[in-house]
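Every chain is numbered from 1, with letters handed out A, B, ... down the list of sequences.
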Amino acid sequence: MDEQPRLMHSHTGVGMAGHPGLPQHLQEGTGGADGDGRKQDIGDILQQIMTITDQSLDEAQARKHALNCHRMKPALFNVLCEIKEKTVLSIRGAQEEEPPDPQLMRLDNMLLAEGVSGPEKGGGSAAAAAAAAASGGVGADNSAEHSDYRAKLSQIRQIYHTELEKYEQACNEFTTHVMNLLREQSRTRPISPKEIERMVSIIHRKFSSIQMQLKQSTCEAVMILRSRFLDARRKRRNFNKQATEILNEYFYSHLSNPYPSEEAKEELAKKCAITVAQVSNWFGNKRIRYKKNIGKFQEEANMYAARTAVNAANASSHGSQANSPSTPNSAGGYPSPCYQSDRRIQ
DNA sequence: GGTTATGATTTTGA
DNA sequence: TCAAAATCATAACC
């Protein structure tokens with residue numbers, strides 16, 4: 001311990017004369033009449049600094065308290081804060097005004113549209129709804145696919161919100177910690193509230209860039225899920241035999257006018273367990289394919305015509321009127337001059 | 001693996 | 001806006 005002052009003196013004599021951290025008047029002690037006196041001052045100050053660690057905690061606290069209670073301290077800190085604001089911070093401030101990031105806005109909009117962020121939609125996602133609309137309704141398979149889609153989207157949503165919550169919590173904790181630290185430090189060094197505010201905004205920016213990554217990967221996951229779902233939608237499954245028979249029966253028994261009304265389509269759809277749109281598709285395909293190759297469908301037409309005739313005979317023998325096919329047609333009836341669509345009256 | 005059948009989608013035209 | 005026609009994509013069959 002006794003060595004320290006001597007050591008410090010030897011240092012100051014040569015090395016500390018040009019120390020950048022010392023005030024000018026303390027660095028000018030290389031010669032002149034009062035040069036030795038200044039060296040002595042520097043020595044004293046440095047000795048105080050070096051011995052401060054030897055002081056007890058109570059002593060240090062007492063010194064700190066004395067400094068804090070100094071009558072000139074608030075004024076001095078105010079001046080220093082002002083100088084800081086006018087120099088470094090004001091320069092930074094000009095750079096901090098940034099417009100909202102368009103990429104972030106796009107990500108936010110997409111997450112909102114897909115139902116990942118924002119309030120949860122009861123019916124699932126917009127994509128599922130759009131896909132359902134495009135496929136003309138919700139069949140048994142479709143609804144299974146939709147529920148699968150919704151379940152996966154809900155998983156994504158859950159992960160997204162959990163992660164987001166974690167980030168927000170971490171951000172808040174870190175911000176509070178830094179704010180407390182700065183407030184504490186502001187007692188011993190000049191820190192303006194603006195500076196704290198600026199620090200907080202820097203922290204928020206850092207965390208929002210992490211959030212952006214989260215949003216980006218969530219969007220990617222949704223896009224992959226969506227494309228898989230839409231691909232699945234295109235998968236074709238043949239109707240079951242019974243459904244095909246019901247549709248064929250109707251088609252051949254209405255060969256003169258194979259255009260079922262909306263009510264008839266709905267009924268057929270119900271009977272076949274398919275959608276009205278699928279019924280429309282089926283009739284559209286059947287009409288064009290029959291017309292293109294009547295010969296090929298001749299046998300099929302005859303078979304259904306015979307079956308319809310038998311049904312009608314059975315119905316009349318039971319004393320009831322058959323309400324479906326009014327006039328079973330021969331296979332050659334479509335397309336014939338007598339064929340009239342509901343809309344295309346000749 | 002090639003062909004045909006068939007459901008779905010897109011384009012065209014009235 | 002709807003149906004016809006063309007086309008696509010996949011299931012089913014050999």
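The CZ atom of A:Phe251 sits 13 Å away from the P atom of B:dT6 (whole-angstrom rounding). Distance NZ (A:Lys241) to P (B:dT6): 13 Å, rounded to an integer number of Å. Summarising the geometry, the separation between CD1 on A:Ile274 and P on B:dG7 is reported as 8 Å, rounded to the nearest angstrom. Rounded to whole Å, the distance from CZ on A:Arg289 to C1' on C:dA5 is 11 Å. Atom CG in A:Asn293 sits roughly 12 Å away from atom P in B:dT4 (whole-Å rounding). Rounded to a whole Å, the CD1 atom of A:Ile288 is 13 Å from the C1' atom of B:dT11. What separates CZ of A:Arg237 from C1' of B:dA5 is a distance of 17 Å, to the nearest Å. A:Asn240 has its CG atom 10 Å from the P atom of B:dG7, to the nearest Å.
Within the structure, a side-chain polar atom (N or O) of A:Lys292 is placed less than 4.0 Å from OP1 or OP2 of C:dA6. The side chain of A:Asn281 places an N or O atom within less than 4.0 Å of a non-bridging phosphate oxygen (OP1 or OP2) of B:dA8. Look at A:Lys296 and you won't find any side-chain N or O under 4.0 angstrom from OP1 or OP2 of B:dT4.
A salt bridge between A:Lys166 and A:Glu163 is present, with a side-chain N of the basic residue lying under 4.0 Å from a carboxylate O of the acidic one. In this structure, A:Arg307 pairs ionically with A:Glu245, as a charged nitrogen and a carboxylate oxygen lie closer than 4.0 Å. For A:Lys265 and A:Glu262, the salt-bridge test passes: some basic side-chain N is under 4.0 Å from an acidic carboxylate O.
Comparing atom distances between the A:Lys265 side chain and each of C:dA3, C:dA5, B:dT6 picks out C:dA3 as nearest. Between C:dA5, C:dA3, B:dA8, one nucleotide has an atom nearer to the side chain of A:Arg287 than all others, and that is C:dA3.
If you look at A:Tyr304 and A:Phe251, their ring centroids are not closer than 6.0 Å.
Within a 6.0 Å sphere centred on CD of A:Gln216, heavy atoms belonging to other residues, nucleotides or ligands number more than 12.
Base contact: A:Asn285 has a heavy atom under 4.0 Å from a base atom.
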